[in-house]
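Heads up, the thing below is written out as structure tokens.
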Amino acid sequence: MTRAPAKAFYLTTPIYYVNNAPHIGHAYTTVAGDVLTRWHRQKGESVWYLTGTDEHGEKIMRTAIANGLTPQEWVDKLVETEWKPSWRLLNIANDDFIRTTEVRHTERVQRFLQSLKDAGYIYAGRYEGPYCVGCEEFKLPGDLTESGDEKLCSMHGTPVEIVKEDNWFFRLSAFVEPLLEHYRKNPDACQPESARNEVLSFLKSGVTDLSISRSTFDWGIPVPWDLKQVFYVWFDALLNYATAVGLGDEPTSEGGKKFAQVWPPDVHLVGKEILRFHAVIWPAMLMAAGLAVPKKVFAHGWLLVGGEKMSKSKLTGIVPSDITDHFGVDAFRYYFLRAIPFGSDGSFSWEDMSARYTSELANDFGNLASRLTAMVEKYCAGILPAISHDSELEAALVVTVEKADAAICALDFQGGINAIMEFCKRVNGYVTEKEPWKLAKDPANKTELESVLYNTAESLRALAVLLNSVMPGTCGILWQSLDADEMLGAIDKQRIDHVATWGQLPEGALITKSAPLFPRLDISE
Ligand code: MSP
């Protein structure tokens, strides 16, 4: 009998609106997802990482028209020239990229929603109320601020539009009790704690049924039983997490097998402004279809500029290349996860980023690597001496791996990176204390000198593996210069549960100097 493959660790990001190019807020979520999935891959798990683009709705339609293109031309252009290249630039190793205009999505959406209608969860009604095109959201009175006679979306600060339409409605109210029960029983299903509390109080405040179609424009997926209407963009978009992995396909088909292997998602990463969609509407849709709900929705905080959520529409958007051109891709990947507790808001500042780049990356990590490689070259002709054991470093490494693994698996990226960088500091302390440059002056100290160099190299081996999910480019270079690629195999294949086993780099490895891992910043820019 063949065993079914183990359930994959399935992680998703929001699918982003393609009315614009990605800014560092979008990159923040996508990098976090990339770090977490790379870490799980290095734990030996099978992993599926999905990201993509949300291409329907009024916002995108209006942007396309304003730019003199059809919506399809506009989204095709933006995805190919902006979104996919940005993720390549940032070294994102997603397994799939879903676009909501793809047939694999639109067909499965129609089939799924027809089945909800057949099961009695969709009915005809009339919607009258405020709508924000920026949010693509029907607004509740509590979501609005007043300015004279006008009602403004409190998120965008722009006037809401009053929609009066005959629409199709989803019986969201029928799922309030099951959802409350779900979150009470599974405290981990919505994190952090503040997000969970927000969802619980929203559910208790009285949730009404949801309009799920629009009839005044046509840029969307047609409602199969009423072709004058298209589905509300969020109803279409949320389904991407399931359509991308074969929702509703025959169990024996490729899609059916994929679905069985990955469903339900382990983590939906989202920004906190779209929590309700993911923690209320989405699981209700799944419950209505009798499908398992996501194991965890994690709402992270915002990158702020001038105290406000950074956004393109407010002209505060910073594109990733503004930062990577100056600091490099890996410093970008490192900085936001290291500096801001995941779940809290954080302000971006060039000064803070420069300071951390210099002290943590260039001085603590980069210098350790260049000192070690230079010393092995100088004192040992580039040949790694015999395996040696330093019990303190070994013990510290074991604790480091435990702490980092627990933190990263709980999405505490800051805690995980801190634990690893503490170890890096400790290794620096070890080198400073042992003073190998002094030992090298007297041949009688040869054994001790060699032991210090070996222990430092072995610590760097561990650091490369542990930091690889955060900074894969840099750690790959370090891995090569330790000759580890040749001796131990590809860095991506190095397991977290094996990294603390001391003595993996063999005697005789050929250590080479590389260019500085984190070059001095050019302050003239
Ligand atoms: N298309 C919807 C999501 C549909 S998911 C089924 C959408 N798109 S978006 O383009 O507006 O992207 C929103 C997401 O981008 C946020 O939830 C967050 O992941 C990320 N961010 C956008 N701006 C951000 C900040 N200023 N700070 C942090 N993350 C930000 O909503």
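Quick caveat, the model's predicted, so the values are computed rather than measured. Both ligands and their constituent atoms are indexed starting at 1 by order of listing. Throughout, numbering of the chain's residues begins at 1 and tracks the sequence.
- Scanning all protein heavy atoms for the shortest distance to atom 12 (O) of ligand 1 gives Y16 CD2, 3.5 Å.
- At the top of the distance list for atom 19 (O) of ligand 1, counting protein heavy atoms only, stands T29 OG1, 2.7 Å.
- Closest to atom 23 (N) of ligand 1 among all protein heavy atoms lies H23 CE1, 3.2 Å.
- The distance criterion of under 3.5 Å between nitrogen or oxygen atoms is not met by P14 with respect to ligand 1.
- Ring centroid separation for the pair F348 and W350 comes in under the 6.0 Å cut-off.
- Under the 4.0 angstrom criterion for non-hydrogen atoms, F277 is not in contact with ligand 1.
- Within the structure, the closest approach of K272 to ligand 1 does not fall below 4.0 Å when heavy atoms are considered.
- Looking at atom 16 (C) of ligand 1, its nearest protein heavy atom turns out to be E273 OE2, 2.9 Å.
- Heavy-atom proximity to W302, at under 4.0 Å, picks out these atoms of ligand 1: 27 (N), 28 (C).
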key: From CA spacing to verdict: side chain to side chain donor-acceptor pair (under 3.5 Å), H278, Y241   = CA-CA 11 Å; H278 285 83; Y241 305 127; 2.6 Å; yes
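- Side chain to side chain, N418 and E422 fail the donor-acceptor criterion of an N or O pair below 3.5 Å.
- Nearest to atom 4 (C) of ligand 1 by heavy-atom distance, out of L304, V233, I15, is I15.
- Of all protein heavy atoms, the one lying nearest to atom 6 (C) of ligand 1 is Y241 OH, 3.5 Å.
- Note: F175 and Y121 meet the aromatic proximity criterion, with ring centroids under 6.0 Å apart.
- Here the protein heavy atom with the shortest distance to atom 26 (N) of ligand 1 is M310 O, 3.0 Å.
- Polar contact with ligand 1: present for Y17 (N/O pair, distance under 3.5 Å).
- Ring geometry, F342 versus H300: the interplanar angle falls from 30° to 60°, so the pair is classed tilted.
- For the side-chain contact (heavy atoms from CB on, under 4.5 Å) test with L239, the passing option among L247, I98, L286 is L247; the others fail.
- Contact between W282 and ligand 1 is absent, with no heavy atom of the residue lying under 4.0 Å from the ligand.
- In terms of protein heavy atoms, atom 24 (C) of ligand 1 is closest to G25 CA, 3.6 Å.
- Compare D54, V18, T53, N240 by their heavy atoms: the one nearest to atom 1 (N) of ligand 1 is in D54.
- Both the backbone and the side chain of L303 come within 4.0 Å of ligand 1, counting heavy atoms alone.
- The backbone N or O of T70 sits less than 3.5 Å from a side-chain atom of E73, completing a donor-acceptor pair.
- Remark: D96 does not engage K258 in a salt bridge, criterion side-chain N to carboxylate O under 4.0 Å.
- Ligand 1 lies less than 4.0 angstrom from a heavy atom belonging to H278.
- Ligand-side atoms of ligand 1 in range of I274: 17 (O), 31 (O), range being under 4.0 angstrom from any heavy atom.
- Ligand-side atoms of ligand 1 in range of A237: 6 (C), range being under 4.0 angstrom from any heavy atom.
- Y335 does not carry R356 over the face of its six-membered ring by the limits of under 6.0 Å from the centre and within 45° of the normal.
- S321 contributes no side-chain N or O that, together with a main-chain N or O of T324, makes up a donor-acceptor pair within less than 3.5 Å.
- The backbone N or O of Y127 lies less than 3.5 Å from no partner atom in the side chain of E165, so there is not a single donor-acceptor pair.
- Using 4.0 Å as the threshold, G301 has a heavy atom nearer than that to some atom of ligand 1.
- When ring centroids are compared, Y49 and Y10 stay outside the 6.0 Å threshold.
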